[in-house]
Amino acid sequence: MMTERTYSISDLSREFDVTARAIRFYEDKDLIQPMREGQRRIYTARDRVRLKLILRGKRLGFSLSEIKDILDLYDTDMGESRQLELLLDKIEERRRALEAHRRDIDLTLAEMDDLERQCRENLKERAGAD
DNA sequence: GTTCTCACA
DNA sequence: TGTGAGTA
C-alpha cells in the first residue's frame with residue numbers, strides 16, 4: 001500500500017519560502033486545516049496544493065478571504081464549474097481594480113510632469129534675475 | 001524544532 | 001496581513 005507522504009510546517013515553509021508563522025496564520029484564517037499528531041501539524045499533499053494556491057492568489061493580489069471563498073468551493077465541489085466561475089469573477093474584479101490603479105498612477109505622473117516643468121521654468125527665471 | 005499567546009504596525 | 005518575543 002502506497003501511504004501518502006506528509007509534510008511538516010518547516011518542510012512547507014522551506015519549499016515555498018514563507019515563514020511557519022505565516023502558514024499558521026493562514027490556518028487561523030481557516031484557509032488550511034492540517035491534521036494533528038499531538039501538537040504537531042501534519043500536512044498532506046492536498047494541504048500542500050492548497051498552500052500553493054493560497055500563495056498564487058496572493059501574488060495576484062487577492063485577499064485571504066477571497067482566496068478562502070475560492071478554496072472552499074474546492075471542498076464543496078458541486079462540480080468544478082462553480083469554482084471556476086467564481087474565480088473568473090474574482091479575476092475580472094481584480095483586473096478592474098488594477099486598471100483603475102493604473103489610471104490613478106498615470107494621473108499622478110502627469111501632475112508630476114507639470115510640476116517639474118514649472119519648477120524648471122521658475123529656476124530659469126531666477127537665473128536670469130540674479 | 002514546534003507550539004501557543006500577546007502585543008504591535 | 002502578517003511579525004517578534006517569550007514560553008513550554
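Numbers restart at 1 for each chain; the letters A, B, ... are given by sequence-line order, proteins then strands.
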Peer 1: Go along nucleotides 2-8 of chain C 5' to 3' and tag each nucleotide: B for a protein heavy atom under 4.0 Å from its base, S when only backbone or sugar atoms are that close, - otherwise.
Peer 2: BBBB---
Peer 1: Is it the case that over 12 heavy atoms from other parts of the model lie below 6.0 angstrom from the CG atom of A:Asp106?
Peer 2: yes
Peer 1: Which string of ( ) [ ] | and . matches DNA chain C, if you list each base 5' to 3' and count Watson-Crick or G-U pairs only when both distances are under 3.5 Å?
Peer 2: ||||||.|
Peer 1: Taking the basic N atoms (NZ, or NE/NH1/NH2) and the acidic carboxylate oxygens, is any pair closer than 4.0 Å for A:Asp11 and A:Arg14?
Peer 2: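 So A:Asp11 pairs with A:Arg14 through a salt bridge.
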Peer 1: Just one of A:Ile23, A:Val18, A:Ile32 clears the side-chain contact (heavy atoms from CB on, under 4.5 Å) bar with A:Leu12, so which one?
Peer 2: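 Looking at A:Ile23, A:Val18, A:Ile32, the match for A:Leu12 under the side-chain contact (heavy atoms from CB on, under 4.5 Å) is A:Ile23.
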Peer 1: So, A:Glu92 and A:Arg96, do they make that salt bridge, N to O below 4.0 Å?
Peer 2: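 Salt bridge flag = yes for A:Arg96 with A:Glu92.
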Peer 1: Inspect the contact between A:Asp114 and A:Arg117 and indicate whether a charged nitrogen and a carboxylate oxygen are less than 4.0 angstrom apart.
Peer 2: yes
Peer 1: Using 4.0 Å as the upper bound for N to carboxylate O, is an ion pair formed by A:Glu27 and A:Arg21?
Peer 2: no
Peer 1: Under the salt bridge (Lys or Arg N to Asp or Glu O under 4.0 Å) criterion, do A:Glu116 and A:Arg120 qualify, and how do the steps go?
Peer 2: CA-CA 6 Å; A:Glu116 185 177 358; A:Arg120 293 194 188 290; 2.9 Å; yes
Peer 1: Donor-acceptor pair, distance only, cut-off 3.5 Å: does the side chain of A:Arg41 make one with the backbone of A:Met35?
Peer 2: no
Peer 1: Using a 4.0 Å cut-off to any heavy atom of chain A, which nucleotides of DNA chain B are the first and last in contact, reading 5' to 3'?
Peer 2: B:dG1 to B:dC4
Peer 1: So, are A:Glu15 and A:Arg48 salt-bridged, with charged N and O less than 4.0 Å apart?
Peer 2: yes
Peer 1: Measuring from A:Leu60:CG to A:Leu87:CG, what's the distance to the nearest 0.5 Å?
Peer 2: 8.5 Å
Peer 1: Can you check the A:Arg24 CZ to C:dT1 P distance for me, whole Å?
Peer 2: 19 Å
